[in-house]
Amino acid sequence: MGKPEPHIVVQDLTLAYGANIIQKDLSFTVNRGDIFIIMGGSGCGKSTLLRGMVGLQKPVRGRVLYNGISFWDTGEKERQRIMRNFGVLYQSGALWSSMTLAENVALPLEEHTRLSPDLISEIVSFKLSLTGLAGFEEYYPSELSGGMKKRAGLARAMALDPGILFFDEPSAGLDPVSARLMDRLILELRDSLGATVVIVTHELESIFAVGNNSVFLDAGTKTMIASGDPKILLERSGDPRVRDFLTRGEGAQAAR
Amino acid sequence: MEPELNFHRPDDKTLQVCLAGDWMLGNDIPSAARFSEKIGAASSVERVSFYTGDLGGWDTGLLTFLVRTIKECSPAGIAVDKTGLPPGVQRLLSLASAVPVAKGAKKEPARFSILERVGEWAESFWRGLLEMTAFTGEATVAFTRLITGRARFRRRDLLLTMQQCGAQALPIVSLISVLVGLILAFIGAIQLKLFGAQIYVASLVGIGMVRALAAIMTGVIMSGRTGASFAAQLGTMQVNEEIDALKTLGIPPMEFLVLPRMIALFLMMPLLSLYADLMGILGGFAIGVSMLGLNFTEYYNKTKESVRLDDFWIGLFSAAAFGVLVALAGCMRGMQCGRSASAVGEAATSAVVTSIVSIVVAMAVITVICHVLNI
């Protein structure tokens with residue numbers, strides 16, 4: 001890979017629900033082709049940060065720049081164009097329950113492209129086969145297991161060949177083997193599609209397996225307390241909160 | 001750059017597919033049919049290879065094209081050499097074929113003849129009847145447990161539901177029953193005036209409202225207002241597995257969810273209907289005084305004289321019965337709800353339809369019984 005090229009830049013971001021501040025003063029850069037991890041303990045505002053980045057929740061202060069364009073300051077049309085380049089995998093899949101898997105994946109294609117129905121159905125089959133769901137086109141989400149729903153959600157997120165993939169807890173609720181497969185799938189997709197990936201997670205194994213850059217959010221101080229490659233953070237971070245998290249609390253005991 | 005597709009024969013047995021330009025979905029991607037034609041025309045091909053030296057950008061457009069060509073080759077026994085493709089494309093293709101098509105997973109689109117569909121419909125109608133009977137039975141069992149004091153539900157739920165379907169329904173019930181009284185008086189007045197018997201408007205409105213209309217109108221309002229909300233509530237609980245959670249914790253949903261709703265409507269409906277009686281009579285009174293020139297005492301006395309206590313009892317009894325029916329229909333549709341968003345919508349719709357139909361049928365039955373008993 002060549003020189004790192006900033007893809008997403010977050011500057012002084014503050015997120016709040018009403019007067020209740022969730023996270024403040026967040027600044028970090030995600031380079032093109034990165035697998036960027038947003039980590040932190042439960043309830044520290046990881047998912048809220050993700051919502052702020054994908055355009056579901058307007059931050060109270062600060063900017064999110066995609067290729068240099070400030071997402072929240074630009075016009076509605078431009079915002080839509082930027083969002084079309086996102087693929088988002090929600091925590092529980094968020095598949096539309098009254099549609100089959102094929103219809104779920106086809107909807108973004110039908111809405112945003114002018115491809116023929118035949119071609120769309122071919123693309124849908126291909127995307128489903130990429131996530132290991134070949135043959136499940138006519139199934140409804142309620143007929144699938146949790147892991148399959150997640151993979152179907154991924155197929156839908158990839159429908160428009162997005163440049164940026166966002167994952168909210170991709171391996172939560174999956175068995176270890178499926179979780180590992182999910183990690184490998186994420187790596188594989190990044191390598192072959194050249195997409196930038198942003199993952200919200202607190203699963204240590206995934207963090208070390210896939211992440212090459214990260215930001216650590218703290219619930220107490222309500223801001224980021226570390227950033228960088230998680231493996232390097234594990235070795236070098238002097239902050240006990242970060243070390244504790246990355247070693248499942250065993251680091252502190254070992255030091256004692 | 002426009003995507004281009006060319007063919008090249010380096011030797012007798014090999015067909016080289018040359019891909020050039022940007023193979024992106026927005027562009028006019030060459031059809032895979034051209035590949036099929038080429039391979040059909042040349043019989044001696046045993047191997048297909050790719051040349052992508054001039055390939056620009058690519059996305060799913062290229063991948064679907066390749067998937068189709070590969071599908072074309074495998075039954076003909078032609079080997080596909082993917083080494084000429086960009087590494088990302090190769091990886092994605094192998095990822096896509098990593099998990100084979102799940103055996104038996106494919107569903108065939110079903111096509112039924114009219115006869116089959118009629119049969120299906122009849123069968124589902126019968127199943128619906130059975131389910132309805134079963135649900136009523138279960139509700140009765142829960143009710144007997146309540147009487148023997150063994151039913152479990154939270155008193156707070158009962159009070160909350162009573163407030164929601166009682167006090168909070170007063171404005172809409174007022175509006176509708178005043179208007180019904182008005183309409184009844186208005187239509188009656190035109191006819192009765194012909195005989196100079198406009199004073200009988202008071203009897204018409206009084207008996208009409210008290211004996212039947214108040215109960216029916218409140219029943220219809222409650223089925224749209226409360227029955228639908230019961231169905232949507234319980235349906236959403238079903239979707240979220242909340243009802244399963246109750247069952248596994250050993251709390252019968254029939255007692256915990258259905259009983260309080262049923263009791264609340266059973267208690268509130270007669271009260272609402274009584275209130276609707278008053279409002280309806282007031283509506284009729286307004287017309288009587290303003291248009292027919294009757295005075296207050298006249299109208300009051302005529303109403304008092306013509307409406308018997310029996311009429312009240314019949315009205316209140318019907319209202320209580322309708323309350324149970326609306327609650328049953330709403331809860332039943334909610335509990336039977338499927339596990340999708342559209343199933344919740346269907347449950348609410350079908351709750352309203354079921355309760356209105358059952359209200360009308362019940363009213364008919366009650367009227368016939370009263371006629372036979374000469375009340």
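A note on names: the letters A, B, ... follow the listed sequences, proteins ahead of strands, and every chain is numbered from 1. The model shown is predicted, which means the values in this text are computed figures rather than measured ones.
Counting heavy-atom neighbours within 6.0 Å of B:Leu115 CG, excluding the residue itself, gives a total of 12 or less. With a 6.0 Å radius and a threshold of 12 heavy atoms from other residues, nucleotides or ligands, A:Arg84 has its CZ atom above the threshold. Around CD1 of B:Ile114, the count of heavy atoms belonging to other residues, nucleotides or ligands within 6.0 Å does not exceed 12. Applying the 6.0 Å contact sphere to NZ of A:Lys231 captures more than 12 heavy atoms from other residues, nucleotides or ligands.
Sorted by first and then second residue, the salt bridge (Lys or Arg N to Asp or Glu O under 4.0 Å) pairs with a member in residues 165-176 of chain A form an empty list; sequence neighbours excluded.
Residues passing the ring-ring contact (aromatic ring centres under 6.0 Å, His included) test with B:Phe125 are B:Trp121, sequence neighbours excluded.
Here CD of A:Glu143 is found 10.5 Å from OG of B:Ser340. Values are rounded to the nearest 0.5 Å. With rounding to the nearest 0.5 angstrom, the CE atom of A:Met158 is 8.0 Å from the CG atom of B:Leu92.
Between B:Leu95 and A:Thr131, the closest side-chain pair of non-hydrogen atoms is not below 4.5 Å.
Counting all heavy atoms, side chain and backbone alike, B:Arg339 lies closest to A:Ser97 at O-CB, 4.3 Å.
When heavy atoms are compared at a cutoff of 4.5 Å, A:Thr113 does not approach chain B at all. Interface remark: B:Ile29 contributes no atoms to any contact with chain A (heavy atom separation under 4.5 Å). Interface remark: A:Leu160 contributes no atoms to any contact with chain B (heavy atom separation under 4.5 Å).
Using non-hydrogen atoms only and a strict 4.5 Å limit, the part of residues 115-130 of chain A facing chain B consists of A:Leu115, A:Leu119, A:Glu122, A:Ile123, A:Phe126, A:Lys127, A:Ser129, A:Leu130. Residues of residues 237-247 of chain B lying under 4.5 angstrom from chain A, judged on non-hydrogen atoms, do not exist here.
A side-chain donor-acceptor contact under 3.5 Å links A:Asp161 to the backbone of B:Thr60.
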Worked check of side chain to side chain contact (heavy atoms under 4.5 Å, CB included) between B:Asp59 and A:Leu193: CA-CA 8 Å; B:Asp59 65 3; A:Leu193 296 170; over 6 Å; no

